Amino acid sequence: MDRLLGNYKKIDFKENINNAGNLIALEQNRNIPFDIKRVYYIFNTKLGVNRGFHAHKNLRQVLVCVSGNLVLRVDDGNSKRDIKLDNPSQGILIEGLVWREMRDISEDCVLLVLADKLYDEKDYIRDYDKFISYCSND
Ligand code: TYD
């Protein structure tokens, strides 16, 4: 399998705002650039606990912080970037080899994740050194 270079991109979602409040729709191959096979959400994270600490060999995901806030660290093996997620109208598309860590997760944080594949533990790289060698291994 070809190893995709790690990549991430911000996506701005259109908000429907009316007197009742706000609404955002996520639609496959419209504002989400893939077929959505799986949706999960991370919530009720205990204060001070960090999550993630893995990469995927072949998975496209969009992360949306629909409530609260967190700091998402994305690391492509060469450079690390910390992105504050606190806006339900913004998504982060992650594809290719990207090590991700979630820190400073607020108690009310709900992180919604859309993925283009079903859950598969074999797709995970959970060891950072293995991730680095996987990135450079042709
Ligand atoms: P994990 O990826 O370790 O999440 P985090 O790093 O945020 O704590 O997943 C936690 C557990 O949930 C683990 O036992 C695998 C399981 N899981 C599923 O069953 N389906 C899924 O789609 C995901 C993402 C995780």
Side-chain angles (χ1 to χ4, degrees):
M1 191 206 327
D2 288 339
R3 285 163 178 75
L4 290 171
L5 289 179
N7 201 1
Y8 75 91
K9 189 173 100 179
K10 288 185 181 164
I11 304 175
D12 291 316
F13 303 125
K14 177 177 169 286
E15 271 185 84
N16 295 281
I17 304 172
N18 63 25
N19 293 337
N22 301 13
L23 183 152
I24 292 172
L26 305 178
E27 297 180 292
Q28 78 174 12
N29 297 314
R30 287 191 167 170
N31 54 1
I32 300 298
F34 50 74
D35 287 356
I36 300 165
K37 282 274 180 58
R38 176 165 52 116
V39 177
Y40 64 92
Y41 36 98
I42 289 171
F43 62 104
N44 208 15
T45 303
K46 309 298 171 237
L47 258 191
V49 172
N50 299 324
R51 307 189 71 157
F53 295 89
H54 63 259
H56 288 280
K57 294 174 194 164
N58 184 19
L59 186 68
R60 304 181 85 197
Q61 290 184 308
V62 172
L63 287 69
V64 187
C65 182
V66 294
S67 170
N69 59 82
L70 77 157
V71 174
L72 172 71
R73 173 167 292 181
V74 286
D75 173 355
D76 65 3
N78 287 312
S79 61
K80 301 178 192 352
R81 179 99 184 260
D82 285 339
I83 308 164
K84 176 99 175 177
L85 299 187
D86 58 2
N87 181 355
S89 68
Q90 191 170 73
I92 303 291
L93 169 70
I94 299 181
E95 49 196 350
L97 285 167
V98 175
W99 183 265
R100 69 227 40 206
E101 300 174 5
M102 281 90 90
R103 301 170 182 277
D104 299 329
I105 305 169
S106 67
E107 274 181 302
D108 61 345
C109 178
V110 181
L111 181 68
L112 178 73
V113 183
L114 301 95
D116 74 340
K117 295 199 176 55
L118 301 179
Y119 176 71
D120 177 9
E121 184 58 39
K122 293 192 295 300
D123 187 59
Y124 279 72
I125 305 171
R126 293 190 183 273
D127 179 279
Y128 190 76
D129 292 338
K130 281 192 190 137
F131 163 70
I132 293 297
S133 61
Y134 202 89
C135 285
S136 55
N137 192 355
D138 301 320

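Computed from heavy atoms alone, side chains included, the values below leave out hydrogens, waters and symmetry copies. Positions are given from 1 along the sequence. Not measured: the values here are computed from a predicted model.
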> Is a donor on one side and an acceptor on the other found under 3.5 Å between the side chain of Asp123 and the backbone of His56?
Replying inline: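 Judged by distance alone, no pair lies under 3.5 Å.
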
Check your understanding: According to the interplanar angle, ranging from 0 to 90°, do the rings of Phe43 and Tyr41 count as parallel (below 30°), tilted (30 to 60°) or perpendicular (above 60°)?
Key -> tilted

- Message: Can you classify the ring geometry of Tyr124 versus His54 as parallel (below 30°), tilted (30 to 60°) or perpendicular (above 60°)?
- Response: tilted

To the nearest 0.5 Å, what is the distance between [atom1] on [X] and [atom2] on [Y]?
| X | Y | atom1 | atom2 | value |
| --- | --- | --- | --- | --- |
| Asp86 | Cys109 | CG | SG | 10.0 Å |
| Arg51 | Leu111 | CZ | CG | 9.0 Å |
| Glu15 | Phe13 | CD | CZ | 11.0 Å |
| Leu97 | Ile125 | CG | CD1 | 5.5 Å |
| Asp104 | Thr45 | CG | OG1 | 12.0 Å |
| Leu85 | Lys10 | CG | NZ | 8.5 Å |

Thinking salt bridges, do Asp120 and Lys122 make one under a 4.0 Å N-O criterion?
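Yes.
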
Whether Asp82 and Arg73 form a salt bridge (side-chain N of Lys/Arg under 4.0 Å from carboxylate O of Asp/Glu) is what I want to check.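 Here Arg73 pairs with Asp82 in a salt bridge, since their nearest N and O are under 4.0 Å apart.
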
Transitive ILVMFWY side-chain link [X] to [Y], under 4.5 Å:
| X | Y | result |
| --- | --- | --- |
| Leu112 | Ile32 | yes |
| Ile11 | Ile24 | yes |
| Val62 | Val39 | yes |
| Ile36 | Val66 | yes |
| Ile92 | Met102 | yes |

| request: Check the pair Asn7 / Asp76 against side chain to side chain donor-acceptor pair (under 3.5 Å), numbers first and verdict last. | output: CA-CA 7 Å; Asn7 201 1; Asp76 65 3; over 6 Å; no

Q: State, with a plain yes or no, whether a side-chain heavy atom of Asp116 is found less than 4.5 Å away from one of Asp35.
A: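 Not in contact.
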
> Would you say the side chain of Trp99 lies within less than 4.5 Å of the side chain of Ile132, judging by non-hydrogen atoms?
Replying inline: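 Counting from C-beta outward, Ile132 and Trp99 never come under 4.5 Å.
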
message: If you count every heavy atom of other residues, nucleotides or ligands that lies below 6.0 Å from Arg81 atom CZ, does the total exceed 12?
response: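 Open.
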
Only one of Lys117, Arg100, Arg38 passes side-chain hydrogen bond (donor to acceptor under 3.5 Å, both in side chains) with Gln61, and that residue is Arg100

Of Leu72, Val74, Leu63, the residue whose pairing with Tyr8 passes side chain to side chain contact (heavy atoms under 4.5 Å, CB included):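 In the set Leu72, Val74, Leu63, the residue that makes a side chain to side chain contact (heavy atoms under 4.5 Å, CB included) with Tyr8 is Val74.
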
All heavy atoms of Pro88 vs all of Val64, minimum pair found to be O-CG1, 3.5 Å

Heavy-atom closest pair (Gln28 atom, Phe34 atom, distance to 0.1 Å) is CB-O, 3.3 Å

Query - Derivation and outcome, ring pair (Phe, Tyr, Trp, His ring centres under 6.0 Å), residues Tyr128 and Phe131 - result: CA-CA 5 Å; Tyr128 190 76; Phe131 163 70; 5.7 Å; yes

query: Which is it for Asn31 and Leu26 under the side chain to side chain contact (heavy atoms under 4.5 Å, CB included) test, yes or no, and what are the steps along the way?
result: CA-CA 6 Å; Asn31 54 1; Leu26 305 178; 4.0 Å; yes

